[in-house]
There are 2 protein chains.
Amino acid sequence: MELPEAKQKFIEAWGKLGSEWGVNRTMAQVHALLLISPDALTTEDIMESLSISRGNANMTLRELMSWGLVEKQLKAGERKEYFFADKDTWNIARQVAKERRKRELDPIIKILDELTKVEGDKKDPAYQTFNKSVTDINKLAKNVDKTLETMLKADENWFWGSILKIFK
Amino acid sequence: MELPEAKQKFIEAWGKLGSEWGVNRTMAQVHALLLISPDALTTEDIMESLSISRGNANMTLRELMSWGLVEKQLKAGERKEYFFADKDTWNIARQVAKERRKRELDPIIKILDELTKVEGDKKDPAYQTFNKSVTDINKLAKNVDKTLETMLKADENWFWGSILKIFK
DNA sequence: TTAAACTTTCAATATATTTTGAAAGTTTAA
DNA sequence: TTAAACTTTCAAAATATATTGAAAGTTTAA
């Protein structure tokens, strides 16, 4: 396989993976494109490479910046804005974990905490089942939360070293 | 908060979480409903509880069964099919991890393995960047894969015990 | 100033996903 | 058999999500 074809495949695969994980396809593709570009790209470059409109490119880039995955780069003596992606995979994973925790895990834990407190007739099977499921899910969510918390603070080698050591 | 309201909230929250994680909202809601039901429910019960059509209920239940999250229950002397959800949170997490690994992680690892092998001019920055990103992402994906593999084999207490011990 | 170079916005449009519900299919009891 | 009880299918409709592109907004150099 030659490089241009390989690039295409990578962008396609990353886009597909994104859309299976709640990230819009174009956003994942722009990210992929920037990940394999040695230099920062302009909005025009991205529009052309991926055949998308200016509006779409602009929105997507802002979204990627809000996720902390892409940054603007200003070049001296140039009006145009250039964009580049953080290439450090561990940073990317951490950044994504951080954002999703904030956006999704935190809110559900808040709701589960409330629901855990709901009182009811301890003899009522409906109440028992509700309470057990909610409590169990809450525990799981908190374990995940703790693990993420540690991951966010950790260094990559240490993290995988520790995890994989357990699983030797 | 009273039980009926709490149930509603739980179904709503689970549905929202699902849709943020690539599971369709209705599927997550049916799952939530079954999780908090002490008894197995019929298609009719589910249609009524969630105000959805027969076709939708049927498709969703089959999908949940294909994920291994819900099972059919046949009651002696009855024609109707009853459905109930596995209430063990650890089983649910494992089941979901197992399916997503098979459906999403495995295919991308296969592609990354191929892309890692692409040859090119080692002096070319475009090739260097491509190769580094692909290789790094491949490593990360394989670490995740190994961790999931172990999680799938593990017992809940052992798993969280080991993880949380490291992160004490 | 001002006009060229660039970025942002957003209503309209296109695309993708989900849901409906009636018809077709299947199973069972008598 | 057969007809009632139940499940499945799937084309059409509804809904949700993503994209376009032209107009409006902003910044800069002269």
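Keep in mind the model is a prediction, meaning the values are calculated, not measured.
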ask   = Taking atom types as modelled, is there a side-chain donor on Asp136(B) or Ser133(B) under 3.5 Å from an acceptor on the other?
value =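 Judged by distance alone, the side chains do not pair up.
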
key: Pair Thr135(A), Asn138(A): side-chain N/O donor-acceptor within cut-off below 3.5 Å   =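 Asn138(A) and Thr135(A) do not have a side-chain donor-acceptor pair below 3.5 Å.
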
Over all strands shown, is [X] touching base, sugar-phosphate only, or nothing at heavy-atom distances under 4.0 angstrom?
X	result
Ser51(A)	sugar-phosphate
Arg25(B)	nothing
Asn24(A)	sugar-phosphate
Asn58(B)	base

task = Could you tell me the separation between the CD1 atom of Ile52(A) and the P atom of dG21(D), rounded to a whole number of Å?
result =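 After rounding, the gap between these two atoms is 12 Å.
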
inquiry  = Is any side-chain heavy atom of Arg100(B) closer than 4.5 Å to one of Trp21(A)?
reply    =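 Yes. Closest side-chain heavy atoms under 4.5 Å.
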
query = So, the side chain of Arg94(B) versus the backbone of Ala154(B): is there a donor-acceptor pair under 3.5 Å, distance only?
reply =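 Yes, the answer is positive, given that a donor and an acceptor are paired below the 3.5 Å cut-off.
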
request  = Ignoring hydrogens and angles, tell me if any N or O in the side chain of Gln128(B) forms a donor-acceptor pair with the backbone of Lys122(B) under 3.5 Å.
outcome  =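 Yes, the answer is positive, given that a donor and an acceptor are paired below the 3.5 Å cut-off.
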
ask   = Toward the 5' end of DNA chain D, which comes first, Met59(B) or Gly77(A), by nearest nucleotide?
value =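 Counting from the 5' end, the first nearest nucleotide belongs to Met59(B).
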
key: Audit row: Trp158(A), Lys153(A), side chain to side chain contact (heavy atoms under 4.5 Å, CB included) steps and yes/no   = CA-CA 11 Å; Trp158(A) 179 83; Lys153(A) 287 185 197 153; over 6 Å; no

query = Just the endpoints, please: which first and last nucleotides of DNA chain C, 5' to 3', lie under 4.0 Å from a heavy atom of chain B?
reply =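 Going 5' to 3' along DNA chain C, contacts run dT18(C) to dT28(C).
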
